[in-house]
Amino acid sequence: MVDVKKIAVVGSGLMGSGIGQVALMGGYSVVMIDIKEEFVDKGVAKIKEGIEKVAAKGLLGEGQSAADVMAKCSKNIDLANAVKDCDFVIEAVIEKMDVKKDVCKTVMDNGPDHIIFTSNTSTMSITEIGKESGAPDRVCGMHFFNPPPLMRLIEVIRSEDTSDETFETAKAAAASFPCLRGDRYIAPVLKDAPGFIVNRMNAPVQIYLSWCFDQVDQKGLDWVQLDADAGGKMPMPPCMLTDFVGIDTMYHVMSYYQETLSPDFKQGKVITELYESGNLGEKTGKGFYDWSQGRDAIKSKIKGAEPAGLFDLNTTFAIMLNEGCRVLDEGIASGFKVIDDANMAGMNAPGPFGWGKRNYENAANILNELADKTGKNYFRPIELLKSGNFSKMRK
Ligand code: 3HC
């Protein structure tokens with residue numbers, strides 16, 4: 001395995017700064033990189049804020065102060081120069097294939113011969129990102145969940161070209177990044193397929209959500225009513241979660257799935273309009289909600305709202321079960337336990353298989369009704385779900 005001492009994080013935004021923070025907490029030297037000084041400064045300021053919170057709770061290594069940890073954090077806006085003395089790179093730049101390929105090639109052209117490049121892409125092909133880099137065997141996926149310091153899951157994705165050494169080094173590095181909410185859970189992703197495990201399983205839920213958003217719009221209801229449908233049973237209900245993840249992220253991700261999985265991923269009217277208006281959720285202060293008063297103010301509005309009667313948790317479970325079966329069918333995960341555990345560690349929400357084992361026949365009916373109602377055939381149950389045979393694929 002490669003001896004990792006210095007890590008470069010490329011992209012200092014929401015995810016990059018969270019990743020930089022956990023890498024520093026893991027004891028590594030970290031260089032934060034972006035295209036403009038102001039972006040790097042913002043990312044490093046966010047890291048400092050996080051590290052100081054951790055220090056105040058006495059959760060840094062023994063005798064370590066926030067200043068000690070931050071002394072290992074540097075910044076740079078020249079990627080080619082910055083990676084010269086790095087062993088490991090985690091890329092968290094914009095979700096555009098050309099940009100990611102470019103970053104990967106620059107790293108491989110300028111880094112030392114042993115450098116490993118990982119991508120935090122949410123959905124994209126790791127094989128394609130690494131293909132023209134000159135060293136595709138040293139490229140793999142390392143997918144974090146937002147916010148990286150609090151969400152336990154990291155998916156490590158093997159591309160068609162990833163070497164054993166790269167895969168093992170990436171899994172070991174991922175496991176060494178501390179999490180503030182319990183032990184890290186590393187899910188090995190055995191096949192490089194769109195959305196990997198957790199995002200893939202949740203992907204068609206976005207078709208359902210997008211349809212629900214348009215129904216709210218058509219019926220003249222309020223977003224809080226849709227979120228009230230979740231009955232407080234999700235860590236974040238649909239509109240709130242979409243704002244939290246970013247409307248632009250949902251928009252881009254759906255575009256990608258449209259090309260790679262099915263045209264049924266076409267974004268609805270509401271998501272398209274929000275995306276085009278630039279109201280992208282929490283990060284811009286406005287999306288479905290106005291975030292200026294903070295998360296709790298939104299939560300209390302949802303609590304008092306009359307449910308819309310549109311969004312249904314069992315339907316969500318049925319959709320996830322069907323897609324989880326596709327993940328098994330395609331050999332992306334080794335068994336349903338990994339899928340359920342990964343969902344819990346990455347989304348703080350149970351996966352569908354525990355429910356599915358008892359309810360798969362009902363799930364098949366729900367899915368057929370949903371396909372009829374929405375006109376989206378992607379929802380139709382696949383054979384592995386209908387037969388219940390997924391229950392034999394545990395590990
Ligand atoms: N550093 C140090 N401390 C931090 C911190 C950081 N970076 N961020 C938060 N904290 C601290 C807070 O200060 C707080 O401390 P306190 O208890 O002393 O006040 C503590 O951690 C808890 O923070 P919050 O109050 O913000 O935490 P919540 O209890 O409200 O939970 C949540 C927040 C974990 C985000 C929860 O709402 C949740 O589980 N939401 C679902 C998130 C989710 O689904 N994420 C996955 C999205 S999909 C994805 O990422 C995939 C990608 O491809 C798009």
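In listed order, ligands and their atoms are each counted from 1. Each residue takes its place number in the sequence, starting with 1.
With a 4.0 Å heavy-atom cut-off, ligand 1 is reached by the side chain of P147 but not by its N, CA, C or O. Contacts with ligand 1 closer than 4.0 Å are made by no heavy atom of E49, backbone or side chain. Proximity of T123 to ligand 1, defined as any heavy-atom pair under 4.0 Å, is not found for any part of the residue. Contacts with ligand 1 closer than 4.0 Å are made by side-chain heavy atoms of L241 only, the backbone lying farther away.
Within the 3.5 Å criterion, the main-chain N or O of E306 finds a donor-acceptor partner in the side chain of Q225.
In terms of polar-atom proximity, N199 is counted as a contact of ligand 1, with an N or O under 3.5 Å from an N or O of the ligand. Ligand 1 has an N or O atom lying under 3.5 Å from an N or O atom of K57, backbone or side chain.
With respect to K75 and D41, a salt bridge is recorded, a charged nitrogen being found less than 4.0 Å from a carboxylate O.
Geometrically, R326 engages Y378 in a cation-pi contact defined by less than 6.0 Å to the ring centre and at most 45° from the axis.
Counting only heavy atoms, the protein never gets under 4.0 Å from atom 19 (O) of ligand 1.
When the options K299, K46, K53 are ranked by their closest heavy atom to atom 4 (C) of ligand 1, first place goes to K53.
Looking at atom 48 (S) of ligand 1, its nearest protein heavy atom turns out to be M347 SD, 3.9 Å.
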